[in-house]
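Quick notes on the structure that follows.
From a predicted model like this one, the values you see are computed outputs, not experimental measurements. Order of listing sets the numbers, starting from 1, for every ligand and every atom in it.
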Amino acid sequence: MSKRNIVIIPGDGIGPEITAAVINVIEASGAEIAWVEHDAGLAALDKGRDVLPDETLEAIKEYKIALKGPCTTPIGEGFTSVNVKLRKTLDLYAAVRPVRNLPGVITRFRNVDIVIIRENTEGLYSGVENVVSPGVVMSMKVATERACSRISHWAFEYARHRHRKKITVLHKANIMKLTDGLFIRKSKEASRDYGDINYEEIIIDAGCMKLVQDPALFDMLLLENLYGDLISDLCAGLVGGLGVVPGANIGDREAVFEAVHGSAPDIAGKGVANPLALLMSGVMMLNHLADNEGREDFRACAERIKNAYNDALQEGERTRDLGGKLGTMEFADVLIKRMNHTSV
Ligand code: NAI
């Protein structure tokens, strides 16, 4: 099979460390990939470029697929989020975040298997903020019929393809009657086309309580942008933390795969970050290429990687966030050894 060009964006903080580890593992799986490296975030600024350089965007448009490390966004000041800009510019409207228990990773619950679908382009994440008058500021929540309807249909299609049973919309339409009201109206409308999939709506505050009480009540969650952001981290906490939750940002043309977590400045440069969430995002990417471009060779590589990390975790070979002792590269090396061993 020919090599597939894929854009790789190392990002900031722990990004370069985990990206290097993940590239090693994916290459060891035998995946025929030519990595095309581009910068974004502080890494780009440090080189005197724009925070999201045109070349990076053009490369993603050309090759359609990117694997991305986390990018830092300054808090309360400075440039707007690279991540938001990337998702909006490329119209990567569907964020997909599967949250599952992993073998050997002991958490309060043993039965978590939830797929989060987050609308990625509007909501309170629009970043439209104004100073109304001195001492008074305002943030705008945007909802459009087009985006609400599009993400709802996308979620139901995903559910049908993956044989999921139920979609739950978490919302606050009792308070935000227009914006969240539109979101649930469009979701409900979409649900009528998918009689085989159950549909429910829960006000998000009560939904949070139910999630931490009994996550098995949920199958798929459909959320507007900000709720999707918050609930993703909450759900990560149900299965072992941010080190184990992957993600994909998918549009009609391009797809960018990245972990749910951020650049983790508190542990950056120490070689201790868990590369698993980004690696699992890479596995999603390989399966996406198998599904959309017929690259069955990539599906086999994805399976090899998955088996390697499931076995490693089961046998206690883990990074520190999961109670183990391994560093970022050590964990990657363990997976590579396991794959080499099984392919002999
Ligand atoms: P964070 O996800 O970077 O870190 C939260 C906590 O989880 C920290 O204690 C961190 O050490 C830990 N953690 C995260 N990933 C880990 C990993 N792979 N292995 C072990 N521990 C891990 O969230 P935080 O601190 O809120 O954000 C830091 C920066 O990241 C901010 O600038 C934020 O804007 C950015 N960010 C970027 C995202 C992206 O690029 N998609 C997503 C979320 C945040």
Side-chain angles (χ1 to χ4, degrees), residues 7-22 25 38-46 51-52 56 60 66-90 92 95-97 99 102 105 116 118 120-121 125 127 225-226 228-250 255-282 284 309 313 318-332 335:
V7 177
I8 182 92
I9 301 171
D12 303 319
I14 59 171
E17 304 162 47
I18 56 173
T19 308
V22 166
V25 176
H38 281 278
D39 290 317
L42 292 177
L45 281 185
D46 287 347
V51 73
L52 181 58
T56 304
I60 303 175
L67 184 62
K68 174 185 164 297
C71 292
T72 298
T73 308
I75 297 173
E77 57 179 17
F79 58 83
T80 51
S81 165
V82 176
N83 308 308
V84 174
K85 199 169 168 192
L86 184 64
R87 292 166 195 164
K88 279 192 174 183
T89 310
L90 297 176
L92 305 171
V96 186
R97 296 163 163 196
V99 185
L102 286 163
V105 179
I116 297 170
R118 166 187 180 188
N120 236 357
T121 62
Y125 243 71
N225 210 341
L226 180 64
D229 178 44
L230 306 178
I231 294 293
S232 296
D233 280 35
L234 183 152
C235 287
L238 300 174
V239 295
L242 284 164
V244 297
V245 180
N249 303 297
I250 299 181
V256 175
F257 295 80
E258 65 177 338
V260 166
H261 65 71
S263 55
D266 53 336
I267 55 169
K270 297 184 179 157
V272 298
N274 190 349
L276 196 46
L278 185 63
L279 181 62
M280 292 162 93
S281 310
M284 288 173 76
Y309 67 66
L313 293 174
R318 303 176 203 147
T319 46
R320 295 173 201 195
D321 55 314
L322 299 179
K325 291 195 170 70
L326 299 176
T328 309
M329 263 314 167
E330 284 171 312
F331 182 66
L335 303 188

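Contacts of R97 classified as side chain to side chain donor-acceptor pair (under 3.5 Å), with partners at least two apart in sequence or in another chain: S232. Residues passing the side chain to side chain donor-acceptor pair (under 3.5 Å) test with Y309, sequence neighbours excluded: none.
Under a 3.5 Å cut-off, the side chain of D12 and the backbone N or O of L42 do form a donor-acceptor pair. Panel note: side chain R318, backbone L313; a donor-acceptor pair is recorded below 3.5 Å.
When all heavy atoms of V82 and T73 are compared, the pair lying nearest together is N-OG1, 4.4 Å.
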Contacts under 3.5 angstrom, residues 269-277 side chains, donor-acceptor by atom type, not counting sequence neighbours:
from, atom 1, to, atom 2, distance (Å)
K270, NZ, D266, O, 3.0
N274, OD1, L276, N, 2.9
N274, ND2, G243, O, 3.4
N274, ND2, T319, OG1, 3.2
N274, ND2, D321, OD2, 3.0

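Residues of the protein with a heavy atom under 4.0 Å from ligand 1 are I14, K68, P70, C71, T72, T73, N83, R87, L242, E258, V260, H261, G262, S263, A264, P265, D266, I267, A273, N274, D321, listed by chain and number.
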